[in-house]
2 protein chains.
Amino acid sequence: MALGKDYVTQECSIARALEIVGERWTLLVVRDALYGVRRYNDFLVHLGIPRAVLAARLQTLTAEGILEKRRYQESPPRDEYLATDRAVALWPTLRSLGLWGRQHFGEAPLRYFRHAGCGTELGPYGECPACGIVVPVKDVLMEPGPGLDPDPADPVSRALLRPKLLLRPIGTDRV
Amino acid sequence: MALGKDYVTQECSIARALEIVGERWTLLVVRDALYGVRRYNDFLVHLGIPRAVLAARLQTLTAEGILEKRRYQESPPRDEYLATDRAVALWPTLRSLGLWGRQHFGEAPLRYFRHAGCGTELGPYGECPACGIVVPVKDVLMEPGPGLDPDPADPVSRALLRPKLLLRPIGTDRV
DNA sequence: GCGGTTGGTTCAATCACCGAACCGACCCTG
DNA sequence: CAGGGTCGGTTCGGTGATTGAACCAACCGC
């Protein structure tokens, strides 16, 4: 975020956070990372983001320690971007933001998030009402809801139709 | 948010939410509204936002039902912008975002948020650890922390140095 | 040798944001 | 009743970010 003026005058942790994740697309990239998207091309087709912007966001997110660039094969050299603890720590924010969007502007739920251990749907703060604990992100099970297009075009959306644990890499079933 | 391309392809409540509050400055305007800022000029000096951008944000936030424009005096005609339920519903998001910013990128806490009833500092989800309840926004007491500039320039920041309940209008002690 | 995949970079056009100036309605003061 | 101040904007030129399309390079499999 640097558009002539940043939020430096704001003495506020919210402003500090928005300096880093407040740019366009950035929070959606983090969301996808938590959903298990890891590769440049998968982010690209799933988000419909311009390539240059995606490259810039991945770079700043990596520089800020929110994603981690890791080589997963040597020949040809290929890197993937993994969600770090800082990205995982954004889960409550993303969860409450999504809940707000659905309750005030959405219709049918698009995705359900459950406690993988017991199947109970998460409460507003990511807690499991049945178990009385805050569910770790890796134990959150994501399932498609009724509002979701059952036959999306891109393979990443299609992979996300199947129930999956957050942070687990998507199995795109590439051909 | 309309820059040639919006987030319409995203079937996601987070994307829906970001369409509305994802633009630059928007979440800071909502934050200020929760802090008790109500007037155009107070937003202006506190945020340091360009006038045209502020006018645009206030208009869209009003149109989306997040703020409510209300006349508070007739002559000269003056309006104020009040936080609606939709703005209040963003409190968990702002709270967790601010917490994330402080824990990962901040140093000393800038503001404390306490349960007005018992004085206990709020937990990460806006709950009172002592009382075991989620504290309603109007019962949240905001107090300055050690990291805050003790003598800020603008009168709104100065007014926010005193402990105050969220949503209560700031007393700017205007001359 | 050829086409395909992956992960980018470059570039012109467009759009949003910035800062400063201007404006109109109203008030208060002398 | 003229002059200055406040409040809540609008207008406008300049700058910077975003976009979409094109290009590119390394490598693979055939």
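A note on names: the letters A, B, ... follow the listed sequences, proteins ahead of strands, and every chain is numbered from 1.
- If you find the closest nucleotide of DNA chain C to Glu80(A) and to Ala52(A), the one lying nearer the 5' end belongs to Glu80(A).
- The Pro77(A) side chain lies nearest to dC27(D) when the options are dC27(D), dC26(C), dG7(C).
- A donor-acceptor contact shorter than 3.5 Å is absent between the side chain of Arg111(B) and the backbone of Gly147(B).
- When all heavy atoms of Leu67(A) and Ala33(A) are compared, the pair lying nearest together is CD2-CB, 3.7 Å.
- For Tyr72(A), a side-chain nitrogen or oxygen approaches OP1 or OP2 of dG7(C) to under 4.0 Å.
- For dT18(D), the OP1/OP2 oxygens have a side-chain nitrogen or oxygen of Arg57(A) closer than 4.0 Å.
- For the pair Arg16(A) (side chain) and Glu11(A) (backbone), a donor-acceptor distance under 3.5 Å is absent.
- Put simply, Trp25(A) has a side-chain N or O that comes within less than 4.0 Å of OP1 or OP2 on dT19(D).
- OP1 or OP2 of dC23(D) has not a single side-chain nitrogen or oxygen of Arg51(A) nearer than 4.0 Å.
- Among the heavy atoms of the strands lying under 4.0 Å from Val53(B) are primed sugar atoms or P, OP1, OP2 only; no base atom is included.
- Residue Pro76(A) has its side chain nearest to dC27(D) when only dC27(D), dG7(C), dC7(D) are considered.
- Under 4.0 angstrom from either OP1 or OP2 of dC18(C) there lies at least one side-chain N or O belonging to Arg24(B).
- In this structure, Phe43(A) reaches neither bases nor backbone, as no heavy-atom distance under 4.0 Å exists between it and the strands shown.
- At the phosphate of dC27(C), OP1 or OP2 sits under 4.0 Å from a side-chain N or O atom of Ser75(B).
- The distance between the ring centers of Trp91(A) and Phe113(A) falls below 6.0 angstrom.
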